[in-house]
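Following: one structure in structure tokens, then a few remarks.
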Amino acid sequence: MTRMSLAMSVAALFICTSHLSSDACTRVVYAGTNGNVATGRTLDWRTPIPTSLRIMPRGERHESYDDPASNMTWTSKYGSVVSIGYDMGISEGLNEAGMAVNLLYLPGSVYTLPDSLEHRKKMSASVWAGYVLDNFGSVDDAIKEMSKDEFHIEAAAMPGGTPTTIHMAMSDSTGNSAVVEYVDGKLCIYKGREYNVLTNAPTFEKQLAIRDYWEGVGGMNMLPGTNRSTDRFDRASFYLSVLPKDLNHNEALAAVFGIVRNCAVPMGISVPGQPEISSTQWMSVCDHRDKVYYFQLILSPATVWVDLKKADLSKGAPQRSITLESDGSQVGDITAKFKVSAPFKPYFHQ
């Protein structure tokens, strides 16, 4: 089957199966010809997600799981700022080398092989993003190591019993990008600047096929306009494709904010029989050039940011955190407002 034939078949399949459940997030990467690179994303969920930001210094010892017989340990090479949901796990972040990692919901992820074949170490979903931010300054380095396939994801259910089924997107200061998924227990990796958009369902291979179909239609003629994952993927892909490649720094950041806002789901949206349409809870933009992490709660009128150049990321420095409020009292550069905190304790078990 040709790529275009596959695209048309997959598109037809999704017209017939749009009731399938998935939760909404959108991630995009702009990479300009003048060194301006920015990654933006929305985090969408059925209910509000209590969120805090945390500054993680380099030189800390971390572990992938709490079972010494099956875990991995490492000492962080890079400091970072991370977003933590429910005080349970790291959902995304930006490190001092300009490497960004975003986790998005992927319904149906299967992390483990059949028991007779499973020999890999355990990596908790709560620290998977942190592992990449701690250890790698580029997508190439991260994928070279992860391609060894030495671990699988161990994921506890989230509050309410929803399975933690996720895939990972990463991007770096060169504009390189990658998507990592576990399909039927097998590691699937897509690496390259062209993999600059990610949403949720279906698996990334099928998302690319659907994008091929809409490229044939032409975004200037018609774009899919619903809040479904596939429609958001195609809209974001089109808008990225028509952006000028020579945008200046501020224009690049504004363009990425504009695309993620276009893909955001308005607060309070509820469609009977379509639980995959979930309200956007927050959005973020990573400035890879200046190492600044922008963040906005949808319920807040203000955007805040963390400048990693101003943060103490030195070995031996304490972790610092801040709880984000929706009353508008936090605005602008909040780097100096983080408070010393006890080390983050990942959520390993239900």
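Just so we're clear, the structure is a prediction, and the values are computed from it rather than from any experiment. Excluded from the calculations below are hydrogen atoms, water molecules and symmetry mates; all remaining heavy atoms, backbone and side chain alike, are included.
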- Under a single-linkage definition using a 4.5 Å side-chain heavy-atom cutoff for Ile, Leu, Val, Met, Phe, Trp and Tyr, are Val260 and Phe238 assigned to the same hydrophobic cluster? yes
- Grouping ILVMFWY residues whenever side-chain heavy atoms fall under 4.5 Å, the cluster of Val331 otherwise contains none
- Indicate the atoms forming the closest heavy-atom contact of Asn196 with Arg27, along with that distance. C-NH1, 3.6 Å
- Indicate yes or no for a side-chain donor-acceptor contact from Thr280 to the backbone of Val265 under 3.5 Å, with no hydrogens or angles considered. yes
- CE of Met123 to CG of Asn71: how many Å apart, nearest 0.5 Å? 9.5 Å
- Message: Taking Met170 as the starting point, is it possible to reach Val183 by hopping between hydrophobic residues whose side chains are less than 4.5 Å apart?
- Response: no
- Taken to the nearest 0.5 Å, the spacing of Leu299 CG from Gln296 CD works out to 10.0 Å
- Should side-chain heavy atoms under 4.5 Å link Ile, Leu, Val, Met, Phe, Trp and Tyr, which residues sit in the same cluster as Leu113? Leu117
- Which pair of non-hydrogen atoms, one from Asp44 and one from Cys25, has the smallest distance, and what is that distance? N-SG, 3.6 Å
- Hphob cluster co-occupancy, Val242 + Leu253, side-chain heavy atoms under 4.5 angstrom: yes
- Item | Partner set under ring-ring contact (aromatic ring centres under 6.0 Å, His included) for Tyr131, not counting sequence neighbours | Trp74, Phe136, Phe151
- Task: Please test Asp333 against Lys310 for side chain to side chain contact (heavy atoms under 4.5 Å, CB included), starting from the C-alpha separation and ending with a verdict.
- Result: CA-CA 10 Å; Asp333 188 348; Lys310 299 178 181 178; 2.8 Å; yes
- Could you tell me whether a side-chain N or O of Thr335 sits under 3.5 Å from a main-chain N or O of Asp307, the two making a donor and an acceptor? yes
- Query: Linking Ile, Leu, Val, Met, Phe, Trp and Tyr through side-chain heavy atoms less than 4.5 Å apart, which residues share a cluster with Val37?
  - Reply: Val29
- Query: Which residue pairs pass the salt bridge (charged side-chain N to carboxylate O under 4.0 Å, His left out) test with at least one member in residues 287-306, sequence neighbours excluded?
  - Reply: none
- Note on the structure: In short, Met99 meets Ala142 closest at the heavy-atom pair CE-CB, 3.8 Å
- Would you mind reporting whether Tyr293 and Leu53 have side-chain heavy atoms less than 4.5 Å apart? yes
- Sub-4.5 Å side-chain heavy-atom contact between Glu325 and Thr323: yes
- Query: salt bridge (charged side-chain N to carboxylate O under 4.0 Å, His left out) with Asp149: which of Arg120, Lys144, Lys121?
  - Reply: Arg120
- Note on the structure: So ring pair (Phe, Tyr, Trp, His ring centres under 6.0 Å) across residues 304-343, not counting sequence neighbours, yields Tyr294-Trp305
- What distance do Lys245 atom NZ and Thr33 atom OG1 have between them, rounded to the nearest 0.5 Å? 9.0 Å
- Residues at least two apart in sequence or cross-chain that pass side-chain hydrogen bond (donor to acceptor under 3.5 Å, both in side chains) with Glu181, listed by chain then number, are His167
- Do the side-chain N and O atoms of Thr39 and Ser171 include a donor-acceptor pair separated by under 3.5 angstrom? yes
- Taking the side chain from Gln207 and the backbone from Pro202, do they hold a donor-acceptor pair closer than 3.5 Å? yes
- Item | Within 6.0 Å of NZ in Lys309, more than 12 heavy atoms from elsewhere | yes
- Output for pair (Leu94 CG, Ser80 OG), nearest 0.5 Å, gives 8.0 Å
- Within the distance-only criterion (no hydrogens, no angle test), does the side chain of Thr174 pair as donor or acceptor with the backbone N or O of Asp172 below 3.5 angstrom? no
- Decide side chain to side chain contact (heavy atoms under 4.5 Å, CB included) for His62 and Phe344; before the verdict, give the C-alpha distance in whole Å, the side-chain angles of both, and the deciding distance to 0.1 Å. CA-CA 10 Å; His62 296 147; Phe344 169 58; over 6 Å; no
- Message: Suppose the criterion is salt bridge (charged side-chain N to carboxylate O under 4.0 Å, His left out): which pairs have a residue in residues 84-106, not counting sequence neighbours?
- Response: Arg41-Glu92, Arg58-Glu96
- Query: Taking a hydrophobic cluster as the set of Ile, Leu, Val, Met, Phe, Trp and Tyr residues connected by side-chain heavy atoms closer than 4.5 Å, whether directly or through intermediates, do Leu106 and Ile189 fall within one such cluster?
  - Reply: no
- Just wondering, do Ser126 and Met88 contact through their side chains at under 4.5 Å, heavy atoms? no
- Query: Under 4.5 Å between any side-chain heavy atoms of Leu243 and Ile259, yes or no?
  - Reply: yes
- Got Phe204 and Phe233 here, is their nearest side-chain heavy-atom distance under 4.5 Å? yes
- Item | Inter- and intrachain pairs under side chain to side chain donor-acceptor pair (under 3.5 Å), touching residues 184-195, at least two apart | Asp140-Lys191
- Message: Rounded at 0.5 Å granularity, tell me how far CG in Leu103 sits from CD1 in Ile166.
- Response: 4.5 Å
- Task: Kindly indicate whether the side chain of Asp134, heavy atoms from C-beta on, has any atom under 4.5 Å from the side chain of Glu60.
- Result: no
- Message: In the structure I gave you, are the side-chain heavy atoms of Ile143 and Val180 within less than 4.5 Å of one another anywhere?
- Response: yes
- Message: Please enumerate all residues that pass ring-ring contact (aromatic ring centres under 6.0 Å, His included) together with Tyr111, with sequence neighbours excluded.
- Response: Tyr182
- Message: Are Ile55 and Val304 connected into the same hydrophobic cluster when the rule is that any two of I, L, V, M, F, W, Y join if their side-chain heavy atoms are below 4.5 Å apart?
- Response: yes
- Note on the structure: Of all heavy-atom pairs linking Gly85 and Ile49, the shortest is CA-CG2, 4.0 Å
- Query: If you take all heavy atoms of Ile90 and Val82, which pair is closest and at what distance?
  - Reply: CG2-CB, 3.7 Å
- State, yes or no, whether a side-chain contact exists between Ser341 and Arg54 at a heavy-atom distance under 4.5 Å. yes
- Short side-chain to backbone donor-acceptor contact, Thr199 and Thr230, under 3.5 Å: no
- List the atom of Ala100, the atom of Cys286, and the distance in Å for their closest heavy-atom pair. CB-SG, 4.0 Å
- Sorted by chain and residue number, the side-chain contact (heavy atoms from CB on, under 4.5 Å) partners of Ser91 (sequence neighbours excluded) come out as Ser83, Trp282
- Message: Treating Thr303 as the side-chain partner and Phe295 as the backbone partner, does any N or O pair qualify as donor plus acceptor under 3.5 Å?
- Response: no
- Rounded to the nearest 0.5 Å, what separation is found between the NZ atom of Lys77 and the CG atom of Asn135? 6.0 Å
- With sequence neighbours excluded, residues passing side-chain contact (heavy atoms from CB on, under 4.5 Å) with Lys337: Ile322, Ile334
